[in-house]
Amino acid sequence: NNGAKHLPKKAGVTLEERASFQAQLDSGFVDAFRRLHPTAAGHYSYWSQRAGNREPNKGLRLDYFICDPSFFDVSSSSKVVARDSYMLPNQQGSDHCPVVLELEVRSEG
């Protein structure tokens with residue numbers, strides 16, 4: 001929803017919130033979905049119910065897994081590796097949908 005002029009005033013996407021989120025990324029943490037799906041578009045975790053935006057998929061990605069970069073190093077001795085991250089947009093009952101992070105927990109030795 002790039003270009004939507006009303007967004008900078010909405011909770012979850014204010015300039016302050018975006019700057020704070022960017023500061024987390026700049027400090028070394030990784031947005032799991034974006035790392036695993038760098039070119040994905042149209043994957044949202046929130047749609048305005050009042051505006052009826054779920055059906056035309058006019059949403060926002062407001063829910064994230066922010067991880068240590070070691071979660072994505074499959075060659076390391078890390079005991080936990082992120083395998084996938086995705087949304088479940090067909091799950092009804094809220095203006096948000098579940099966001100999933102699939103992890104592989106490696107056993108020792």
Side-chain angles (χ1 to χ4, degrees):
N1 287 334
N2 288 335
K5 294 178 183 177
H6 68 285
L7 287 182
K9 299 176 186 174
K10 296 289 184 184
V13 293
T14 64
L15 294 177
E16 294 83 2
E17 290 166 307
R18 287 178 174 222
S20 176
F21 183 75
Q22 188 61 51
Q24 292 180 54
L25 299 178
D26 292 345
S27 73
F29 289 100
V30 176
D31 172 355
F33 179 80
R34 189 56 56 211
R35 174 70 171 262
L36 295 164
H37 306 282
T39 61
H43 297 268
Y44 305 119
S45 63
Y46 165 83
W47 303 264
S48 171
Q49 290 181 338
R50 188 174 352 140
N53 285 345
R54 196 171 206 139
E55 184 67 30
N57 198 34
K58 293 181 180 179
L60 299 169
R61 195 164 70 91
L62 296 180
D63 305 283
Y64 305 88
F65 285 102
I66 306 301
C67 305
D68 187 274
S70 66
F71 276 36
F72 304 93
D73 186 359
V74 296
S75 64
S76 77
S77 60
S78 178
K79 294 181 182 178
V80 179
V81 176
R83 290 296 181 194
D84 201 2
S85 182
Y86 50 90
M87 291 76 182
L88 299 174
N90 295 325
Q91 181 71 41
Q92 299 291 316
S94 173
D95 53 359
H96 290 256
C97 74
V99 178
V100 177
L101 178 63
E102 291 184 7
L103 300 172
E104 174 188 345
V105 180
R106 298 174 171 177
S107 60
E108 293 186 46

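If you're wondering where the values come from, they're calculated on a predicted model, not measured in any experiment.
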Peer 1: Look at atom CZ of F29 and say whether more than 12 heavy atoms of other residues, nucleotides or ligands are closer to it than 6.0 Å.
Peer 2: no

Peer 1: Does V74 sit in a hydrophobic cluster with other residues, and if so which ones, taking ILVMFWY side chains as linked at heavy-atom separations under 4.5 Å, directly or through other members?
Peer 2: V81

Peer 1: Donor-acceptor pair, D73 side chain versus S78 backbone, under 3.5 Å?
Peer 2: no

Peer 1: List the atom of P69, the atom of G28, and the distance in Å for their closest heavy-atom pair.
Peer 2: CG-O, 3.1 Å

Peer 1: Holding to side chain to side chain donor-acceptor pair (under 3.5 Å), I want the full list of residues that pass it with H37, two or more places apart in sequence or in another chain.
Peer 2: D84

Peer 1: Short question: side chain of S85, backbone of V100 - any donor-acceptor pair under 3.5 Å?
Peer 2: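 Pair found, side chain donor or acceptor close to backbone of V100.
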
Peer 1: With sequence neighbours left out, what residues match R83 under salt bridge (Lys or Arg N to Asp or Glu O under 4.0 Å)?
Peer 2: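 Once residues adjacent in sequence are excluded, the partners of R83 under the salt bridge (Lys or Arg N to Asp or Glu O under 4.0 Å) criterion are E104.
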
Peer 1: Output the rest of the hydrophobic cluster of V30: all Ile, Leu, Val, Met, Phe, Trp and Tyr residues reachable through side-chain heavy-atom contacts under 4.5 Å, sorted by chain and number.
Peer 2: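 Besides V30, the hydrophobic cluster comprises F33, L36, F65, F71, F72, V80, M87, V99, L101, L103, listed by chain and residue number.
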
Peer 1: Holding to side chain to side chain donor-acceptor pair (under 3.5 Å), I want the full list of residues that pass it with S70, two or more places apart in sequence or in another chain.
Peer 2: D68

Peer 1: Among residues at least two apart in sequence or on other chains, which ones pass salt bridge (Lys or Arg N to Asp or Glu O under 4.0 Å) with R54?
Peer 2: none

Peer 1: I need the full list of salt bridge (Lys or Arg N to Asp or Glu O under 4.0 Å) pairs touching residues 30-41, with sequence neighbours left out, sorted by first then second residue.
Peer 2: D31-R61

Peer 1: With sequence neighbours left out, what residues match Q22 under side chain to side chain contact (heavy atoms under 4.5 Å, CB included)?
Peer 2: L25, D26

Peer 1: Just distance, no hydrogens or angles: give the donor-acceptor pairs under 3.5 Å from side chains in residues 88-96, sequence neighbours left out.
Peer 2:
{"from": "S94", "atom 1": "OG", "to": "H96", "atom 2": "N", "distance (Å)": "3.1"}
{"from": "H96", "atom 1": "ND1", "to": "D63", "atom 2": "OD2", "distance (Å)": "2.8"}

Peer 1: Go through the structure and list residues passing side chain to side chain contact (heavy atoms under 4.5 Å, CB included) with A51, not counting sequence neighbours.
Peer 2: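 So A51 forms a side chain to side chain contact (heavy atoms under 4.5 Å, CB included) with S48, N53.
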
Peer 1: Taking the side chain as every heavy atom from C-beta outward, state whether W47 and E55 have any atom pair closer than 4.5 Å.
Peer 2: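 W47 does not reach E55 side chain to side chain.
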
